[in-house]
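Shown next, in structure tokens, is the structure this report addresses.
Naming: A, B, ... by sequence-line order, numbering from 1 per chain.
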Amino acid sequence: MDSFFSAVEVRENPELKGLPVIVGGRIGTEEEKTAEEPERKIRGVVSTCSYEAREYGIHSAMPLSRAYKLCPNAKFLPVNMPLYKRVSSEIMAILRKYADKIEQVSIDEAFLDASTKVHGWTDAREYALRIKREILEKEGLTCSIGIAPNKTIAKIASDFVKPDGLTVVEEERARDFLAPLPVKKIPGVGPKTNEVLKKMGIERIGQLASYDVQKLVAKFGKYGTRLHLIANGIDESEVEEEWERKSLSRERTLAVDTKDASVLNNCVDELAEEVYNAIKKEGFVFKTVALKVKFEDFTVHTRAKTLKSFHSDLNILKRIAKELMTEFCDGTGKEKKIRLVGVRVSSLGVVDEKQRRVVTS
DNA sequence: TCTGGGGTCCTAGGACCC
DNA sequence: TCTGGGGTCCTAGGACCC
């Protein structure tokens with residue numbers, strides 16, 4: 001979907017049309033609101049912004065405080081996740097009708113296996129236009145579609161023309177389509193990998209395609225092989241309909257950095273309760289509890305403990321999470337201040353009521 | 001300018017077992 | 001005195017995605 005969160009907000013509130021709209025952060029609590037500056041005090045980043053806001057240099061992941069300085073007259077809205085989730089499931093229901101298989105990859109993105117629905121590359125374009133038309137008519141939202149012989153190229157293609165784009169990459173043209181693109185366009189190549197590749201003299205996908213695989217493997221391990229295949233237009237991965245949860249977590253950036261053990265322990269308790277409620281809702285039991293801490297200098301540390309058997313008790317979750325916390329605030333006062341706390345459970349199992357035992361994958 | 005939250009996957013080292 | 005190989009599980013950190 002094109003700038004999904006802000007597009008939904010504009011749809012719900014048409015006066016916003018044509019204005020710079022910035023969605024990010026949350027609604028401030030009463031405490032935070034009574035502070036001198038009511039709105040922008042909250043630590044947060046831009047989730048999504050309208051194309052009008054992008055004109056000001058605003059983009060996803062930018063601190064809200066900076067976005068505010070770049071465009072103080074923009075409409076700033078908190079993230080309204082329940083609304084976007086509702087719209088998302090309506091869109092996914094539309095997509096499902098068009099696909100042999102569908103894999104939802106995020107709230108606003110999905111892969112469709114259209115192998116039997118599309119007959120040739122000319123028909124592919126018609127097919128995509130039908131999808132775009134139905135989403136626009138029923139939801140009043142635009143999207144960008146990429147159609148290609150495999151998932152990776154389809155993803156890159158969907159990003160090629162935006163917003164309201166449609167890019168069809170025929171199998172015979174795949175390598176030529178990829179060759180001139182920068183390597184960062186490959187999903188999985190982030191800032192670090194991009195930098196390493198640059199030092200090797202590889203900036204475009206075409207250069208990666210003709211590079212010695214052995215050297216790529218020496219540098220990147222088995223990911224090197226995959227990179228080389230992708231650059232050559234090869235990706236055999238399937239559209240996977242089933243998704244299995246492997247962990248569940250809640251984390252919170254504090255309003256102010258602290259080393260106060262009671263504040264931190266309260267926070268851990270709250271997060272543990274949220275994690276507990278969430279896993280209970282989904283019917284999970286857990287074996288591993290992990291605590292995450294981000295210090296004021298942004299360094300991140302984690303500590304984990306795996307239990308001998310599965311548990312589903314809130315008090316156990318709280319106790320272990322707080323035990324793991326002690327290492328970071330032992331009360332000596334020498335520690336750095338803490339900015340964020342997170343609680344996560346993993347090694348999940350599902351209780352099979354009939355057999356009265358825990359089932360894991 | 002001052003940096004969110006929820007995930008996945010990979011790697012490397014150590015403990016432990018046979 | 002110097003010392004196997006293979007496997008699993010766990011922990012911590014880091015890259016990446018949206």
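The aromatic rings of His311(A) and Phe286(A) sit tilted, their planes meeting at an angle between 30° and 60°.
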Quiz prompt | Evaluation steps, salt bridge (charged side-chain N to carboxylate O under 4.0 Å, His left out), between Glu109(A) and Lys155(A) | solution = CA-CA 10 Å; Glu109(A) 208 170 0; Lys155(A) 167 118 176 92; 2.7 Å; yes
Exercise. Step by step, work out the salt bridge (charged side-chain N to carboxylate O under 4.0 Å, His left out) result for Glu270(A) and Arg250(A).
Key: CA-CA 9 Å; Glu270(A) 283 176 24; Arg250(A) 290 290 180 269; over 6 Å; no
Quiz prompt | Worked check of salt bridge (charged side-chain N to carboxylate O under 4.0 Å, His left out) between Lys292(A) and Glu251(A) | solution = CA-CA 8 Å; Lys292(A) 172 176 168 178; Glu251(A) 60 185 56; 3.2 Å; yes
Self-check item: Test side chain to side chain donor-acceptor pair (under 3.5 Å) applied to Asp260(A) and Thr258(A), step by step
Solution: CA-CA 6 Å; Asp260(A) 183 328; Thr258(A) 186; 5.1 Å; no
Practice problem: Could you run through nucleotides 5-18 of chain B and give me one letter per nucleotide, 5' to 3': B if any protein heavy atom sits under 4.0 Å from the base, S if only the sugar-phosphate is that close, - if neither? | Solution: BSSSS-S-------
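Side-chain N/O atoms of Asp164(A) and Thr142(A) include no donor and acceptor closer than 3.5 Å.
Distance Met62(A) CE to dC2(B) C1': 12 Å, rounded to the nearest Å. Look at NE2 on His59(A): it is 14 Å from P on dT1(B), rounded to the nearest Å. As a whole-Å value, the separation of Arg66(A) CZ from dG4(B) P is 15 Å.
In this structure, Lys155(A) reaches the sugar-phosphate backbone alone: every heavy-atom distance under 4.0 Å involves primed, P, OP1 or OP2 atoms, never a base.
Interface residues of residues 180-209 of chain A facing DNA chain B, ordered by number: none; criterion, heavy-atom separation under 4.0 Å. For the contact set between residues 86-110 of chain A and DNA chain C, defined by any heavy atom under 4.0 Å, the members are Ser106(A), Asp108(A), Glu109(A).
A cation-pi contact, defined as under 6.0 Å to the ring centre and within 45° of the axis, is absent between Arg130(A) and Tyr127(A).
Residue Cys71(A) comes nearest to Ile58(A) through the heavy atom pair CB-CD1, 3.7 Å, listed as atom of the first residue, atom of the second, then distance.
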Quiz prompt | Nucleotide-level pairing of DNA chain B, given in dot-bracket where Watson-Crick and G-U pairs need both distances under 3.5 Å and | marks other strands | solution = ....||||||||||||||
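Looking only at side-chain heavy atoms (C-beta outward), Leu16(A) and Leu77(A) come within less than 4.5 Å of each other. Here the side chains of Glu282(A) and Arg245(A) are in contact, with some heavy-atom distance below 4.5 Å.
Between the side chain of Asp212(A) and the main chain of Gln214(A), a donor-acceptor pair closer than 3.5 Å is present.
Listed by first and then second residue, the ring-ring contact (aromatic ring centres under 6.0 Å, His included) pairs involving residues 205-259 of chain A amount to none (not counting sequence neighbours).
Comparing the P positions of dC17(C) and dT3(B) gives a spacing of 23 Å, expressed to the nearest Å. One P atom belongs to dC18(C), the other to dC2(B), and the distance between them is 27 Å to the nearest Å.
When hydrophobic side chains of Ile, Leu, Val, Met, Phe, Trp and Tyr are connected at separations under 4.5 Å, Val105(A) ends up clustered with Phe111(A), Val239(A).
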